[in-house]
**Q** 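Here you go, one structure.
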2 protein chains.
Amino acid sequence: MAETTNRGESLLFLTDEQVRKGIEAMFFAYQGFTADPDRILEGMDYGRAHHRAVHFIGRSPGTTVNNLLSILGVTKQSLNRVLRTLMEDGLVEARVGRVDRRERHLHLTEKGAALERQLSEAQRARMRAAYRAAGPQAVAGFRQVLEAMMDPAMRAHYGRLKEGGP
Amino acid sequence: MAETTNRGESLLFLTDEQVRKGIEAMFFAYQGFTADPDRILEGMDYGRAHHRAVHFIGRSPGTTVNNLLSILGVTKQSLNRVLRTLMEDGLVEARVGRVDRRERHLHLTEKGAALERQLSEAQRARMRAAYRAAGPQAVAGFRQVLEAMMDPAMRAHYGRLKEGGP
DNA sequence: ATTTTATGTCAGCCTTGTTGACTTTCCAAG
DNA sequence: CTTGGAAAGTCAACAAGGCTGACATAAAAT
């Protein structure tokens, strides 16, 4: 009976109600997650799409357009519009590939890196506060659940960031 | 020195690199989080906005328009567009308030509840799989970090869902 | 009687996603 | 060396879903 009780208890975290609460937690947390950068970007001519591009270019300097495309999960036309304005404004630089000259390798300029820092610092401040409030063990769990939630292709991208380096 | 070591180690989870990985985990996980309902909705005349409305109406039957507005964090014009189509299509019903007749209390019809179930089941399947893969302790941490990441107003809404009832 | 609140609606704008068609560049296989 | 096809860019058109501003109505509150 101890085993039965134990089994029952250990599966309580999989009840519909628990899972629903998790879904809602994701929804509300994501609002907070994007709130600070969004506030900074409003007023500038940029939006969330520009933030994403600048983030991942800053994170993987020299990445190609195609790679960025599959990380962001948007069409090249959509990304192109964003990249064009960022290049026009001198935040991003596209260098022709040396081995394959069809490829464009993307880099942040100093101005682009400055924006990246500004956005990242705001977002990291909130994330760090949440980490500190929850503690290291909670953070480990947080990361585990998020990783399990990703599509496999995205999980691969995720794993390659920094840890593996491009 | 044991204390110093301990302090140093326990703060490693707050390094910029760890925090950045958390940010990226949120980004990629959110893609997965919305992927299944999005797939179901494409082809229907509905989108993510309809999903959100249907979700929270199903979760808090009888909620008012104003309450839904502040949960979703959008303008009334934006929400109205969505609610109008849902009511025209007979998925949502707005009942005039009995005590305050200015208020509209929102309910799902059987048809609306059916859509809600379809979307919710897909989303819960992914979430449940992630929960199962990560385990109960990770799930607890996941929820803690997400709660800490929310804006206080949103955390209040979150707390009121089901646990407190509307 | 007046003001405030809850809701609905019209009109117009912006960002960011989409598809489709077409071009240019250029590596690599034949 | 020619050519097929991949990588990239561009143009046009469209849709979803945010936004603001202005205005209307009903009912509650003062």
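All values below were derived from every heavy atom in this structure, side-chain atoms included, with hydrogens, water molecules and symmetry-related copies excluded. Throughout, protein chains are lettered first and strands after them, A, B, ... in sequence-line order, and every chain is numbered starting at 1.
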**Q** Under 3.5 Å, is there a donor on one side chain and an acceptor on the other for A:Thr63 and A:His105?
**A** no
**Q** Classify the side chain of B:Arg104 and the base of C:dT7 as holding, or not holding, a donor-acceptor pair under 3.5 Å.
**A** no
**Q** Within less than 4.0 Å of OP1 or OP2 of C:dT16, is there a side-chain N or O belonging to A:His50?
**A** yes
**Q** Is there a side chain to side chain donor-acceptor pair (under 3.5 Å) between A:His50 and A:Thr85? Walk through the geometry before answering.
**A** CA-CA 9 Å; A:His50 299 83; A:Thr85 68; 3.3 Å; yes
**Q** Just how far is it from atom CZ of B:Arg143 to atom CD of A:Glu24, taken to the nearest 0.5 Å?
**A** 9.0 Å
**Q** Between P on D:dG17 and CZ on B:Arg52, what's the gap in Å once rounded to a whole number?
**A**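 Distance, rounded to whole Å: 8 Å.
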**Q** Check whether A:Thr15 reaches the backbone of A:Leu12 with its side chain - one donor and one acceptor, N or O, closer than 3.5 Å.
**A** yes
**Q** Which sits closer to the 5' end of DNA chain C, A:Val96 or A:Asp45, going by the nucleotide each is nearest to?
**A**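 Looking at DNA chain C, the more 5' nearest nucleotide goes with A:Asp45.
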**Q** Residues in side-chain contact (heavy atoms from CB on, under 4.5 Å) with B:Arg104, at least two apart?
**A**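 For B:Arg104, the residues satisfying side-chain contact (heavy atoms from CB on, under 4.5 Å) (neighbours in sequence not counted) are B:Val65, B:Ala94, B:Val96.
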**Q** Would one find a side-chain N or O of B:Asn66 under 4.0 angstrom from OP1 or OP2 of C:dT7?
**A**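 True: B:Asn66 side-chain N/O within range (under 4.0 Å) of C:dT7 OP1/OP2.
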**Q** When you get a sec, tell me which of D:dG17, D:dA22, D:dA8 is the closest nucleotide to the side chain of B:Ala49?
**A**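 Given the options D:dG17, D:dA22, D:dA8, the side chain of B:Ala49 is closest to D:dG17.
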**Q** Over how many whole Å does the gap from A:Lys76 atom NZ to D:dA6 atom P extend?
**A** 12 Å
**Q** Is there a salt bridge (charged side-chain N to carboxylate O under 4.0 Å, His left out) between B:Arg59 and A:Glu17 once you walk through the steps?
**A** CA-CA 11 Å; B:Arg59 192 73 158 137; A:Glu17 173 58 22; 2.9 Å; yes
**Q** Might you point out which heavy atoms bring B:Arg126 and A:Met150 nearest each other, and give the distance in Å?
**A**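 Closest heavy-atom pair between B:Arg126 and A:Met150: NH1-C, 3.9 Å.
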**Q** On the nucleotide C:dT7, are OP1 or OP2 found under 4.0 Å from the side-chain N or O atoms that B:Arg102 carries?
**A**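 False: B:Arg102 side-chain N/O out of range (4.0 Å or more) of C:dT7 OP1/OP2.
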**Q** Whole angstroms only, please: what is the CG-C1' distance between B:Leu41 and D:dA15?
**A**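 One finds 15 Å between C1' of D:dA15 and CG of B:Leu41, rounded.
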**Q** Between the axis at one end of the helix from C:dA1-D:dT30 to C:dG30-D:dC1 and the axis at the other (five pairs apiece), what's the angle to 10 degrees?
**A** 20°
**Q** Measure from CG on B:Leu106 to C1' on C:dA6 and round the result to the nearest Å.
**A**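 So the CG-C1' distance, B:Leu106 to C:dA6, works out to 12 Å.
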**Q** Has the side chain of B:Arg81 got a donor or acceptor that lies under 3.5 Å from a partner of the other kind on the base of D:dG18?
**A**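 In this structure, the two groups form a donor-acceptor pair.
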**Q** Can you tell me the distance, in whole Å, between the CD atom of B:Glu103 and the C1' atom of D:dT25?
**A**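 Rounded to whole Å, this separation is 16 Å.
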**Q** Taking OP1 and OP2 of D:dA8, is either one under 4.0 Å from a side-chain nitrogen or oxygen of A:Asn80?
**A** no
**Q** Let me know the distance between CZ of B:Arg95 and C1' of C:dG8, rounded to the nearest Å.
**A**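 My rounded result for the distance is 20 Å.
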**Q** Among D:dG18, D:dA27, D:dA7, which nucleotide sits nearest the side chain of B:Arg101?
**A** D:dA27
**Q** May I ask you to evaluate whether B:Arg48 reaches the phosphate of D:dA16, defined as a side-chain N or O under 4.0 Å from OP1 or OP2?
**A** no
**Q** What distance do B:Lys111 atom NZ and B:Leu86 atom CG have between them, rounded to the nearest 0.5 Å?
**A**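 Output value for this atom pair is 10.5 Å.
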**Q** OP1, OP2 of D:dC19 versus side-chain N and O of B:Thr75: anything below 4.0 Å?
**A** yes
**Q** Do B:Gln77 side-chain and D:dG17 base share a donor-acceptor contact under 3.5 Å?
**A** no
**Q** What is the distance from CG of B:Leu79 to C1' of C:dT9, rounded to the nearest Å?
**A** 13 Å
**Q** Tell me what B:Val99 touches on the nucleic acid: a base, only sugar-phosphate, or nothing, going by heavy atoms under 4.0 Å.
**A**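 Sugar-phosphate: the residue B:Val99, judged by heavy atoms under 4.0 Å, touches backbone atoms but no base.
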**Q** Give one of base, sugar-phosphate or nothing for B:His105, where a contact means two heavy atoms less than 4.0 Å apart.
**A** nothing
**Q** Name the closest nucleotide to the A:Val74 side chain, picking from D:dA8, C:dT18, D:dG17.
**A**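 For the A:Val74 side chain, the nearest candidate turns out to be C:dT18.
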**Q** How many whole angstroms separate atom CZ of B:Arg98 from atom P of C:dA6?
**A** 19 Å
